[in-house]
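Throughout, protein chains are lettered first and strands after them, A, B, ... in sequence-line order, and every chain is numbered starting at 1.
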Amino acid sequence: MPSPRPARRRIRAGAVAASCALLLTAATGCGGGSDGARAAHTGRGGTLVVGATGSLPNPDTILGGAGYEGTALVGFQIYEGLTRYDLSKADAPAPVAPALATSWQVAEDGKTWTFTLRKGVTFQDGTPFDAAAVVFNLDRYLKKGSPHYTAALGAAAQEYGSDIASYRTLGDGRVQLVTTTANGHFTDDLTHLLIASPAAVRRYGPDGFRNHPVGTGPFSFVSQAAGQEIDMAANPRYWRGAPKLDRLVVKALPDPAARSAALLSGGAGLIDYPNPDDLPRLRSAGARIATNSYDHLWYWILDQSTAPWSKPQVRQAANYAIDRKAIAGDLLGGTAGPAYQAAPPGTLAHDPHGDVYSYDPAKARRLLAEAGYPHGFSTTVTVPTAGSGNLLPVPIAEAVQRDLAAVGIKAAIRTTDWSSLLSSEAKGQVPLGSQALAQSTTLFQSESLLPLFLGTGSPFWTGHYSDPAVDGLIKEASASVDPAVRQRDYRQALDRVTRDAPWLFVVNDRNPRALAPDVHGFVQPQSWFVDLTSVWVGK
Amino acid sequence: MRRFVLKRLLLAVPTLFGVTAVVFATVALVPGDPVLAFLGPGASPAARHELAGRLGLDRPLPERYGDWLWHALHGDLGASISAQRPVTQLLLPACGQTLLLAGAAFALVITGGTVLGAIGALRPRGLTDRLSGALSTLSLSAPQYSVALLLIAVFAVHWHLLPSGGTHTPFGGGPFDVPRHLVLPAVASALVPLGLTARVFRAALGSVLASELPDALRARGLSRTAVLRHCLHNASPALLTIGGLQLAYLLEGVVFVETLFSWPGLGQLLYNALTARDLPLVEGGVLLTAVFFVGVNILVDTAHAAVDPRVRSSR
């Protein structure tokens, strides 16, 4: 896209502002203004406008429908669960922390959980949070036939609540939740089961609540243009202390050029996923680019039910053939890191010493020859044209295609749209009948989802990868409430996956965000989610 | 005249019917699953099955279409799958935004096209003709996407004069807030139709001026302005035809402008609905767009008939 020379912006802007003063009575402010002067002394205040990549979620608790991006910017700002992610640190994967529950114990059976609830918390509408509110919300999500249950809520609650067998209040501010099987990631799951104000749900009903959502989170809902913009204000009663910002605005800006323009023109203070090509220009305009590891893998799923991907050496050869550093650095401008193993950095399963695949085309050719393909082979891959978390799917796939061709693997790219791809995948098929499929995934951000993608016969069993040892390890890890055991088992499982190479590990996204120069206090955690309570806007 | 309008209205019914049937079939037949798009890959097969059943997606296609048509005839366009709201609740505000944008662009097209065209026709081969010709050629041939980006780069990013997108400033903004947001997208959408309109109008007015009409009028002693008024009137049917076409183009063609300027109109809504395979929303949006098109056509034909008696008598 055409770009003016930003280095000269200030001088010319002054001259033009003078000459245009007659034509345009008011020049646009770039946010802040008088707010900024006040903020300079206090280190708080201001309005943060966030430019989000997709359409915005339904603000009714778990209904969302806009992926983790929607949960991050809206769901987790308005509401909390019994637990939450501590997103205040950047140097380790964000741990689960107490939220509406201050502490919990799990019984010997690994299934019976007792949560002690936080005292003195009020919802944004002033009504108190208590054990009855927890039961009310779980009824709303899980109990068919209860007054506020809807089929949509029930379907959405499957993702994180399908494990809950029963729940009850124990009196004196405690609740007991029982799971059907031992669940080591139960407290992770509970971060997503958001607790809404029962008074507000009763008052506005199932259709009205989405226009008047009320939780206990740091920001209260003010207004929305459905799917386009959600305006929020600081919750002065927030139990962790009122956020520094006065207001938070989340806008849907799906076009990358529009997002960059919004940041550069002062229309937004923070944008998600700036186009990697725009980074130099954003930086030269004073914007800060925040990145960090988090649970994200951009990969090809190789269908090993057919030759030649059925041979491990062939899959390993492909993994040695690609120059991940070039893709992450040159093509993606450092917004991603090379993926040398199955587990993404920023997850508990990542092993700092577990990298296997370097860029070694000679070794790739040798492995191919050993597998009986000295002259390589031709194959096909289906690539989505866009889609949540898929970065620049076609350009990345083309870079992989070039690297593979250099060792003799000629992969023809077939593009399709994200929705079509997902629906084939849900049937366990590679779309368009290709032999591989390019996409991105998270593995551990929600461990409850891991069995969907990995494991023999899993619902999205596109690549037909099967290793009973991996299945067993994942099952064991998932059932263990001991974090050390979970980490050990997951590492072992993912190490087997790395070596067996059912996938072509390409890059791990680093979740880039661009921040305007007047946005302060932002911490980029190792997570999909963000804590905006420490952010303020001003000069 | 009434007969003429009535006939056109009756002809519109099968058009709309055909459009909705074709779109229903197309969206239902292309791969992609609205339930999966909505629930995300994390949903269990049981949850997906249940939601599909609740939405009636497991029923045969003709039955679903019949059902949709029956409700649509009663003003009920169903509920959007992705937004879980009545389709009309989403369509009407988006429709308002598109009309606002298309209307502003149309005003630019008509005034700009008339002025540029008239300048060219009245002073052929003069400096002003060359300038207006160059302007209309430029607006016709410049790639719209690049021009739109250039407008943003210059007026929003470089000079900070106008916002880069959206319809309003969150939490406030003055009385000129919406017009300020409207300027860049309206100019970007107006460019191509403006150039076209200027060219057509220049040609139409030119041929009227070259005919015997002005001489005849002058011979009868009419003043210069009166002669010009008559000539403009005779050239106006061409303006109506091209203007009507451009209005239709604007209603449909603002999609990319809406995306680039984050303008929450019909185009953006329909695009998102299509990617989510949100059939009720797609159907509703397409129906509305088709109604627009047919309506604009009838309006233009009627206006044409009103201005030019030959059109009325020939039908």
Handout entry: His168(B) atom NE2: more than 12 heavy-atom contacts under 6.0 Å
Key = yes
Exercise for the section: Give the C-alpha distance, both sets of side-chain angles, the deciding distance and a yes or no for side chain to side chain contact (heavy atoms under 4.5 Å, CB included) between Phe261(B) and Asp255(A). Expected result: CA-CA 9 Å; Phe261(B) 290 93; Asp255(A) 188 82; over 6 Å; no
Completion exercise
Scanning both residues in full, the closest heavy-atom pair of Ile152(B) with Ala261(A) reads CG2-CB, 3.3 Å
Problem - Winner by heavy-atom pair count (cut-off under 4.5 Å) against chain B, out of Gln228(A), Arg210(A), Glu425(A) - result: Arg210(A)
Exercise for the section: Measure the CG-OG distance between Leu149(B) and Ser260(A) for me, rounded to the nearest 0.5 Å. Expected result: 10.5 Å
Exercise for the section: Tell me, for Leu421(A) versus chain B, whether the close heavy atoms (under 4.5 Å) come from the side chain, the backbone, both or neither. Expected result: neither
Practice task
Go through Ala152(A), Ala156(A), Pro256(A) and name the one with the most non-hydrogen pairs under 4.5 angstrom from chain B.
Solution key: Ala152(A)
Practice task
Name, in order of residue number, those residues of residues 281-288 of chain B that have a heavy atom at a distance of less than 4.5 Å from a heavy atom in chain A; otherwise write 'none'.
Solution key: none
Practice task
With a 4.5 angstrom heavy-atom cut-off, could you sort out which part of Leu260(B) is near chain A: side chain, backbone, both or neither?
Solution key: both
Practice task
Answer yes or no: are there more than 12 heavy-atom neighbours, outside Tyr271(B) itself, under 6.0 Å from its atom OH?
Solution key: no
Handout entry: Pair Ser420(A)-Arg277(B), side-chain donor/acceptor within less than 3.5 Å
Key = yes
Practice task
Say whether, by atom type as modelled, one donor and one acceptor occur between the side chain of His158(B) and the main chain of Ser265(A) under 3.5 angstrom.
Solution key: no
Practice task
Kindly compute the distance separating CZ (Phe171(B)) from OG (Ser223(A)), expressed to the nearest 0.5 Å.
Solution key: 6.0 Å
Practice task
Using a 4.5 Å cut-off on heavy atoms from C-beta on, say whether the side chain of Arg85(B) contacts that of Asn211(A).
Solution key: yes
Completion exercise
Rounded to the nearest 0.5 angstrom, the OG-CZ distance for Ser164(B) and Arg259(A) is 12.0 Å
Practice task
Indicate yes or no: at least one non-hydrogen side-chain atom of Glu229(A) is less than 4.5 angstrom from one of Pro170(B).
Solution key: yes
